[in-house]
Amino acid sequence: MKVLRKNLWTLFLLFVLASTFMFAAVLWQRADSIYQSYDERQSNLVVLVNNALHSLFVSQGMLLDLLGQQLLQDGSLIDRVHSVPILDAMLSVSDGIVLFALSKPDGTMIAVSSNLLQIAGLPNLQDGEATGDSFRYALETDKLVLGRTYFQPTLKEWIIPVRKRITDHNGKVVGVMSAGLRLGKASHFFNQDIHSGIHHNVMLLRDRDYYLQYLSSDWMDQNIAFNRPVAASLLHQVLRDSGLTLEQAKSSASPVQYLNVVNRRQARTRGFALYNPEYELWVLSEIEQGFLHKQWLAIGIFYLPILLVIQFLAFLSFYHIHRTEIARHKELMFQATHDQLTRLPNRYYLAEQLQGWFAGQQRFAMLFVDMDNFKGVNDGFGHECGDRVLQEITARLQQVVSRQDLLARLGGDEFVVLTRNADTDSLLALARRLISIAERDFQVGHFSFSLGVSVGAACYPEHGTDFNSLMQAADIAMYEAKKHRNSVRIFVPAMQHDYLSKIQIEQRLRNAMNNHELYMMYQPKVDINGTLKGVEALVRWENAELGFVPPDQFIAVAEAAGLMPELGQFILHTVLQDMVQLQQTLQVEFPVAINISVKQILREHFVRDVLHSIDAAGMARNQVILEITENVFIDDMDLVVDLLRALHVAGVSLSMDDFGTGYSSLSALRRLPVDELKIDKSFIDNILSEEDARKMVQSIITIGRNYGMSLVAEGVETAEQAALLHAYGCECFQGYHFARPMRLADLQAFIQAAAVAG
């Protein structure tokens with residue numbers, strides 16, 4: 001059946017091609033026939049006009065020569081101008097001539113037809129701007145010379161001046177005989193019937209200066225046509241198209257064809273030109289190609305609907321058989337290449353489309369869009385609610401992404417946008433629009449969610465030349481953006497190094513606890529006199545391959561990789577055992593501070609597990625301080641506050657670490673059961689040199705006192721810092737000035753030494 005359908009469509013295609021080819025062949029033949037017909041007409045017309053003009057000018061030349069000889073032999077001429085009856089008599093029998101005049105070689109008129117005497121101040125023909133050129137040329141040649149066509153106001157007609165020199169029996173020029181030929185009546189060729197419409201034009205062009213002598217069409221202002229020369233480019237076009245030299249074109253016995261010349265109507269034409277060497281005139285006939293196109297286009301328009309109807313009926317027959325299979329195939333393809341929930345293209349479709357983008361060799365960008373805090377929606381409100389949020393975020397992203405871009409869903413809460421706008425400004429602008437529209441609250445039933453997205457961007461080809469490398473670069477940039485939430489980052493190679501480094505750290509960290517690579521160090525907290533007030537537990541990691549790995553590197557990796565609960569449990573268990581052992585050995589009690597991650601707090605049964613560990617180790621609950629940072633409130637502040645209150649009620653103290661550097665506000669601090677505020681080292685470093693740092697420290701101390709909290713200054717490295725902090729009211733200090741972090745045995749020695757010194 002598939003083979004049959006394939007053959008049917010092949011047959012249909014052959015039918016369409018054959019019928020279309022036949023239609024095109026007929027149109028081509030008709031177009032060629034039309035062109036040949038009009039070419040033949042124009043060529044014949046040019047020859048006919050040239051022959052008629054030649055006859056006209058020969059007769060006019062003979063007439064002027066006879067009149068001039070007779071007038072000069074008459075002997076009645078005087079120096080002043082006067083009318084001569086014979087000239088009036090000639091006007092009466094020649095309707096095509098409007099005037100006669102005989103001039104002396106200096107241009108002064110001496111004999112004229114009577115109608116010229118009506119014109120005041122007859123000009124000197126040799127000195128006139130419009131007449132001087134042709135008059136002087138007539139003195140030099142025995143040919144009939146044509147002057148510039150001009151308008152005669154009294155007759156309201158256009159006149160072509162013709163001039164013929166008159167010589168005596170010795171060949172001396174004794175005068176110039178002139179006549180005015182009426183364009184409309186001198187010859188039946190000089191009328192507007194000579195052209196077949198506004199699309200056609202016949203012209204006479206004077207060769208020596210490119211002035212028009214005659215223009216058959218009346219659409220144009222003839223003052224403009226006759227009073228300025230035609231561009232020389234017209235003749236250049238004739239020569240270029242014919243392949244002839246100027247002399248060859250002038251000597252050609254047959255008309256020379258030219259094409260694609262822009263005429264005075266700004267239309268392309270198809271024309272013929274023939275040169276008359278006797279009178280130095282070009283006879284030109286040109287017709288607009290658009291008119292010729294319309295001729296065969298009209299034929300095409302008549303037959304095209306018939307062709308289309310036949311082809312359409314054939315198509316309906318084939319389509320009726322094939323449409324069911326096409327629809328089913330499209331649905332299957334859509335299901336295979338699109339996400340069922342959002343109806344967006346899926347990863348498979350994205351990979352397929354990317355091959356075409358790569359093949360185009362044009363720069364483009366990939367935006368990796370990941371929703372923030374979406375896991376909490378699924379975990380807290382169910383997957384049905386999460387699905388509705390995904391449908392809503394899809395609709396929002398589609399509002400931002402243009403039709404030229406591609407939006408796809410990879411799975412879960414991850415989306416990808418491909419865009420041709422790969423310059424940095426456009427890329428950042430698009431990402432910020434995505435972030436902005438995702439920041440709006442999501443309303444699902446009675447629930448409202450504030451989520452947002454993080455966006456990572458990578459560009460082809462600098463960040464990747466295949467699907468996996470480009471996707472990895474965008475993914476890395478997205479995780480960099482997630483550190484800041486609701487932000488965008490464009491991939492840079494340094495991120496790749498950090499990414500690989502984190503992968504390496506994650507791989508080694510998974511075995512670090514089993515290999516006993518993690519260990520605890522303790523930094524004392526003392527008063528201004530150095531008296532021990534407590535210790536802070538600090539985890540350290542020494543790997544055989546990586547060496548010493550700073551905690552600010554591997555703690556972040558542990559949180560991102562989901563290792564923090566296990567690592568946190570190891571830290572809590574180890575610290576409690578160490579402190580119970582040390583305090584029993586020294587017979588002293590002091591609080592120990594343990595850092596807690598938000599990933600630990602949000603783990604199920606967190607409060608129960610912490611209290612159980614403290615009790616099982618035999619440590620007093622009031623001797624345990626859990627240190628938190630302000631970013632624990634980013635994910636779900638209400639839930640975190642409830643858990644911390646439960647711990648506080650159970651007797652465990654809470655300390656706010658790095659206060660003033662994160663996201664918390666005074667209103668949030670008011671809700672928290674915090675017992676201790678720790679002033680961040682960044683403020684302490686500049687307390688002696690910067691007024692702003694001193695004011696910030698004073699403000700934190702004031703806040704702590706107002707809320708009844710104890711205060712600890714971190715990173716105190718000089719006696720001057722300690723003294724100033726003490727003056728501000730800070731009672732407890734932690735830093736290298738008093739003691740560095742130390743192993744358990746060193747802590748024991750430190751406490752014993754302090755006891756002896758006390």
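Basis for what follows: all heavy atoms, side chains included, without hydrogens, waters or symmetry-related copies.
Between V575 and V539 the shortest side-chain heavy-atom distance does not fall below 4.5 Å. Put simply, the side chain of L427 reaches to within 4.5 Å of the side chain of C459, judged on heavy atoms. Using a 4.5 Å heavy-atom cutoff, the side chains of F368 and L410 are in contact. No side-chain heavy atom of F467 sits less than 4.5 Å from a side-chain heavy atom of Q472. Considering only heavy atoms from C-beta on, F415 comes within 4.5 Å of T394 through its side chain. Contact of the V712 side chain with the L677 side chain is not registered, since no non-hydrogen atoms from C-beta on lie closer than 4.5 Å. A 4.5 Å side-chain heavy-atom check between M709 and E676 finds every atom pair outside the cut-off. A heavy-atom distance below 4.5 Å is found between the side chains of R489 and M495.
Residues E506 and K502 are not paired through a salt bridge, judged by the lack of any N-O separation under 4.0 Å between the basic side chain and the carboxylate. Residues E384 and R388 are not paired through a salt bridge, judged by the lack of any N-O separation under 4.0 Å between the basic side chain and the carboxylate. E517 and R508 are not joined by a salt bridge, as no carboxylate oxygen comes within less than 4.0 angstrom of a charged side-chain nitrogen. By the 4.0 Å N-to-carboxylate-O rule, E717 lies close enough to K681 to be salt-bridged with it. Under a 4.0 Å N-O distance rule, the pair D609/R603 does not qualify as a salt bridge. A salt bridge does not link R432 to E439: none of the charged nitrogens lies less than 4.0 Å from a carboxylate oxygen.
Considering CD1 of I594 and CG of L572, their distance stands at 5.0 Å, rounded to 0.5 Å. The structure places CE of M656 at 11.0 Å from CD1 of I703, a figure rounded to the nearest 0.5 Å. Rounded to the nearest 0.5 Å, atoms OG1 (T424) and CG (L428) are 6.5 Å apart. The CZ atom of F442 sits 5.5 Å away from atom CG of L451, with the distance rounded to the nearest 0.5 Å. Once rounded to the nearest 0.5 Å, the distance linking CD1 of I684 with CE of M696 reads 11.5 Å.
Qualifying side-chain hydrogen bond (donor to acceptor under 3.5 Å, both in side chains) partners for E691, counting only residues two or more places apart in sequence or in other chains: R694. Taking the side-chain hydrogen bond (donor to acceptor under 3.5 Å, both in side chains) definition, one finds that T585 meets it with nothing, sequence neighbours left out. For D339, the side-chain hydrogen bond (donor to acceptor under 3.5 Å, both in side chains) partners two or more places apart in sequence, or in a different chain, are T342, R409.
At a cut-off of 3.5 Å, with distance as the only test, a side-chain donor of S682 or D680 sits close to an acceptor on the other residue. D675 and H648 share a side-chain donor-acceptor pair at under 3.5 Å. A donor-acceptor contact closer than 3.5 angstrom is absent between the side chains of D370 and S454.
Sorted by first and then second residue, the ring-ring contact (aromatic ring centres under 6.0 Å, His included) pairs involving residues 529-555 (not counting sequence neighbours) are W541-F554. Pairs of residues two or more places apart, or lying in two chains, never qualify as ring-ring contact (aromatic ring centres under 6.0 Å, His included) while including a residue from residues 570-617.
In the displayed structure, Y348 atom OH is contacted under 6.0 Å by at most 12 heavy atoms of other residues, nucleotides or ligands.
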Which pairs would a plain distance check flag for residues 734-748, meaning a side-chain donor or acceptor within less than 3.5 Å of a matching protein atom at least two apart in sequence or in another chain?
residue, atom, partner, partner atom, Å
Q734, OE1, K678, NZ, 3.0
Q734, NE2, Q523, OE1, 3.1
Q734, NE2, E536, OE1, 2.5

